[in-house]
Student: 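Here you go, one structure.
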Protein chains: 2
Amino acid sequence: MTNKKRTTIKDIANVLKISAAAVSKALHDDSRISAKTKAAVKKVAKELNYQPNHLASALRKGKSNLVGVIVPRTNSHFFSSVIQNIEEMLNREGYNIIITQSNESFEKECRNIDTLLFTQVDGIIASMANETTDLSYYEKIKFKGIPLILFDRGENDLNVDYIGIDDYNSSYMIVEHLINQGCQRIAHIGGYKHTRIFNNRIRGYIDALKKYNLPLDNELLIESSLSTEEGRKKMNQLLRLKNRPDAVYVASDYAALGALQVLQENRIKIPNEIALVGFGNEPFTAMVTPTITSIEQHSAEIGKQAAKVFLGHAKGTFVKQKLNKTILNAALIVRDSSNIKRI
Amino acid sequence: MTNKKRTTIKDIANVLKISAAAVSKALHDDSRISAKTKAAVKKVAKELNYQPNHLASALRKGKSNLVGVIVPRTNSHFFSSVIQNIEEMLNREGYNIIITQSNESFEKECRNIDTLLFTQVDGIIASMANETTDLSYYEKIKFKGIPLILFDRGENDLNVDYIGIDDYNSSYMIVEHLINQGCQRIAHIGGYKHTRIFNNRIRGYIDALKKYNLPLDNELLIESSLSTEEGRKKMNQLLRLKNRPDAVYVASDYAALGALQVLQENRIKIPNEIALVGFGNEPFTAMVTPTITSIEQHSAEIGKQAAKVFLGHAKGTFVKQKLNKTILNAALIVRDSSNIKRI
DNA sequence: TATATTTGCTTAAACGTTTAAGCAAATATA
DNA sequence: TATATTTGCTTAAACGTTTAAGCAAATATA
């Protein structure tokens with residue numbers, strides 16, 4: 001019961017004894033086609049269950065109406081929400097998105113870029129893998145003249161549009177909050193310095209300490225890949241110090257979760273003995289015990305903005321690629337893990 | 001610094017003074033092209049940075065080498081892992097995947113199907129939204145002769161390939177485990193009966209009770225949408241019973257998490273007062289306190305199998321669509337929430 | 001009424017590939 | 001040596017659209 005041949009524009013033309021060109025124009029409501037013909041074409045199209053061949057029109061028009069999205073992974077609330085909002089916004093304008101995951105691997109990311117270019121996407125919206133420092137593949141996208149928009153994990157050197165939160169200020173806010181809670185030895189389990197956003201968080205951390213005249217202790221500042229497992233390791237490392245911290249600010253909720261587990265396994269009271277703050281406001285931070293203080297990154301808004309910027313390029317509003325930053329203000333969500341009630 | 005015109009097969013042909021057809025064949029290692037010509041073509045292709053136009057070849061060959069994937073959402077470990085494995089398997093064979101999310105909405109799912117058909121995908125791999133009971137959109141895929149493969153959330157009535165775990169047995173296993181732990185009043189917060197997999201879980205629950213001569217109490221069997229919030233509501237409902245259960249088996253980890261929160265808020269000892277079991281083995285089940293007993297669904301294997309079945313269709317090994325079930329054995333992962341240590 | 005403009009279509013070419021058919025030259029076979 | 005087969009290409013058409021150019025008929029304008 002499957003129909004072997006698809007209905008084409010020619011089939012409709014044959015039925016109505018008009019040219020294929022007229023059918024095409026009628027379907028696109030061209031002003032030079034009479035209302036009568038348009039109605040007839042649409043009626044027959046419906047009857048024959050005509051579905052336009054996207055490949056043919058894409059080939060002819062030189063655009064695929066596909067937008068590629070590259071994320072480190074989809075199974076975090078942040079990325080999933082960004083993607084969902086990009087999709088909604090672009091679907092409305094007739095674009096579809098192709099989602100690819102780099103799994104934080106530079107190599108996979110390069111393959112994803114090739115894949116997307118091969119599929120003739122009209123644009124690429126990406127958040128870079130942690131590993132990525134070599135930007136040549138991204139340069140390739142720019143060289144081809146395909147709009148590139150980065151979010152969250154971006155790079156100034158690429159000189160393309162970027163949407164993200166203010167990492168420096170968010171970090172500063174966290175440290176300020178912990179100091180207000182009475183903490184004096186604040187550790188930071190951060191990401192790798194070569195990643196811009198993590199570097200900014202580290203800078204925010206350092207500057208806030210300075211501001212409040214707290215010493216910067218190198219054994220309290222740790223770089224890491226920020227997985228849950230890494231969070232466990234680095235927390236253990238901090239616990240082995242002769243002079244333990246009284247607060248730990250972790251640059252990712254996933255690593256913060258690992259830290260939380262280690263603290264609990266060691267029967268350390270949170271937040272009184274050691275306060276804990278994460279980053280990202282993943283839903284689980286409100287689910288675990290104690291709930292984890294974190295930073296809301298406005299994932300929905302980031303997705304919408306990224307889509308909007310792409311549409312600007314597609315419609316030719318923004319002519320050339322340049323560094324064009326959209327920075328959103330993040331919000332600190334204080335929860336049990338850092339809410340110290342004094343007597 | 002962007003190049004306005006892409007290199008085409010004709011450009012290569014012009015350089016070498018041969019026909020475009022010869023270039024095409026050389027690039028595809030056609031046996032009727034001399035080794036010398038092949039080498040020359042590949043050299044020039046590289047020099048001119050030739051990238052094949054996927055749209056043109058897809059149009060000509062009548063296949064897009066794109067496979068559509070529909071999931072209720074990407075931000076669960078299960079779906080994310082299935083997707084990742086589908087992608088890996090299909091990438092190797094030259095296919096790319098387009099991921100779409102239904103957000104558990106029937107309407108969105110229908111739009112996703114239209115979108116994928118419009119994009120001329122060569123096949124669709126899907127897990128149905130909870131809401132979906134009307135199968136007409138899926139029938140549309142079949143009618144077009146496009147391979148359709150369902151996983152996890154499937155439907156026998158569609159008569160297409162299906163890959164999933166044995167829900168009935170998994171459910172049976174859970175109840176048996178709880179009975180072995182000494183539980184006598186086992187509640188089940190299940191999904192909607194109209195969804196096949198949830199119906200199977202309910203049947204497994206009922207049959208296991210029967211087997212061990214435990215009465216089936218209707219107030220202990222609850223249907224729900226299985227979100228975290230719903231888990232909270234249904235757990236509260238169970239706690240209001242005059243005769244409370246001593247174990248609760250929830251058909252999804254997310255809803256089980258909600259139930260866990262309510263139990264803790266009510267200072268009910270887990271597992272001694274009430275034991276808890278989830279379903280799906282989401283990573284957070286091992287992260288919360290207490291850790292939640294759950295069922296491992298072999299997401300990676302499901303993804304691989306789904307891809308394999310699609311490739312079978314694509315290569316013409318499987319000729320026509322019919323009900324072809326691949327059922328994997330699930331594994332019970334016992335954790336603290338149901339591990340009752342007796343004195 | 002004569003000319004200009006608008007309306008409503010058609011014709012033809014193009015997007016970049018792939019592939020069936022065919023042909024000449026080279027090589028194999030009898 | 002004569003014929004058959006193989007090799008290595010070319011030619012031409014096709015996939016299903018879109019669009020520039022053009023033309024005849026209808027309508028507007030002077």
Side-chain angles (χ1 to χ4, degrees), chain A residues 3-42 44-45 48-66 94 117-122 144-145, chain B residues 3-42 44-45 48-66 94 117-122 144-145:
Chain A
N3 55 347
K4 35 236 85 206
K5 269 194 97 14
R6 309 170 47 97
T7 310
T8 72
I9 234 167
K10 282 186 194 165
D11 299 324
I12 301 174
N14 287 338
V15 170
L16 295 170
K17 307 285 174 214
I18 57 175
S19 71
V23 173
S24 173
K25 285 176 184 161
L27 290 171
H28 290 91
D29 276 325
D30 188 292
S31 63
R32 297 285 283 274
I33 299 293
S34 70
K36 207 178 103 198
T37 305
K38 280 180 190 170
V41 166
K42 284 173 187 173
V44 175
L48 299 183
N49 189 28
Y50 169 72
Q51 298 278 119
N53 185 325
H54 167 255
L55 296 171
S57 77
L59 174 61
R60 176 58 228 245
K61 295 203 285 191
K63 60 182 297 224
S64 65
N65 273 48
L66 291 172
L117 292 178
F118 171 75
T119 320
Q120 321 281 126
V121 293
D122 292 341
K144 288 202 176 264
Chain B
N3 54 349
K4 36 235 85 212
K5 273 199 82 36
R6 311 170 47 97
T7 310
T8 71
I9 235 167
K10 282 184 192 165
D11 299 324
I12 301 174
N14 287 339
V15 171
L16 295 169
K17 307 287 175 214
I18 58 175
S19 70
V23 174
S24 173
K25 285 177 184 159
L27 290 171
H28 290 91
D29 275 325
D30 188 293
S31 63
R32 298 284 284 275
I33 299 292
S34 70
K36 206 178 106 200
T37 305
K38 280 180 190 170
V41 165
K42 284 173 187 172
V44 175
L48 299 183
N49 189 26
Y50 169 71
Q51 297 277 118
N53 185 324
H54 166 254
L55 295 171
S57 78
L59 174 62
R60 176 56 229 245
K61 295 203 285 191
K63 59 182 298 224
S64 64
N65 272 48
L66 291 172
L117 292 178
F118 171 74
T119 320
Q120 321 282 126
V121 294
D122 291 341
K144 288 202 177 266

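Proteins get letters first, then strands, A, B, ... in listed order; numbering begins at 1 in each.
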Student: Between A/Lys36 (NZ) and C/dT7 (P), how many Å, whole number?
Tutor: 17 Å
Student: So does B/Arg6 get a backbone contact from the side chain of A/Lys144, meaning a donor-acceptor N/O pair under 3.5 Å?
Tutor: no
Student: Does D/dA30 have a Watson-Crick or wobble partner in any strand here, with both distances under 3.5 angstrom, and which is it?
Tutor: C/dT1
Student: Starting at atom CD1 of A/Ile18, determine the distance to atom C1' of C/dT10, rounded to an integer number of angstrom.
Tutor: 11 Å
Student: Can you name the closest pair of heavy atoms from A/Asp122 and A/Asn65 and give their distance?
Tutor: OD2-N, 2.6 Å
Student: Apply side chain to side chain contact (heavy atoms under 4.5 Å, CB included) to the pair A/Leu55 and A/Leu59, showing each step before the final yes or no.
Tutor: CA-CA 6 Å; A/Leu55 296 171; A/Leu59 174 61; over 6 Å; no
Student: Could you please name the partner base of C/dT19, counting Watson-Crick and G-U wobble pairs only when both distances are under 3.5 Å?
Tutor: D/dA12
Student: When the distance from CZ of B/Arg32 to P of C/dA25 is rounded to whole Å, what number comes out?
Tutor: 16 Å
Student: Looking at every non-hydrogen atom in both residues, tell me the closest pair between B/Lys42 and B/Asp29 and how far apart they are.
Tutor: NZ-OD1, 2.9 Å
Student: Collect all protein-nucleotide pairs involving nucleotides 15-20 of chain C in which both atoms are nitrogen or oxygen and the distance is under 3.5 Å.
Tutor:
from: C/dC15; atom 1: O2; to: A/Arg60; atom 2: N; distance (Å): 3.4
from: C/dG16; atom 1: N2; to: B/Ala56; atom 2: O; distance (Å): 3.2
from: C/dT17; atom 1: OP1; to: B/Tyr50; atom 2: OH; distance (Å): 2.9
from: C/dT17; atom 1: OP1; to: B/Asn53; atom 2: N; distance (Å): 3.3
from: C/dT17; atom 1: OP2; to: B/Ile9; atom 2: N; distance (Å): 2.8
from: C/dT17; atom 1: O5'; to: B/Tyr50; atom 2: OH; distance (Å): 3.3
from: C/dT18; atom 1: OP1; to: B/His28; atom 2: NE2; distance (Å): 3.1
from: C/dT18; atom 1: OP2; to: B/Ser24; atom 2: OG; distance (Å): 2.5
from: C/dT18; atom 1: O2; to: B/Arg60; atom 2: NH1; distance (Å): 2.1
from: C/dT19; atom 1: O4'; to: B/Arg60; atom 2: NH2; distance (Å): 3.2

Student: Does B/Ile33 reach the side chain of B/Val41, with side-chain heavy atoms less than 4.5 Å apart?
Tutor: no
Student: Ignoring hydrogens and geometry, is there a side-chain-to-backbone donor-acceptor pair from A/Asn53 to A/Thr8 under 3.5 Å?
Tutor: no
Student: Going by purine N1 to pyrimidine N3 plus the second Watson-Crick contact, or the G-U wobble pair, all under 3.5 Å, which nucleotide sits opposite D/dT7?
Tutor: C/dA24
Student: Classify A/Ser34 by what it touches in the nucleic acid, base, sugar-phosphate, or nothing, heavy-atom distance under 4.0 Å.
Tutor: sugar-phosphate
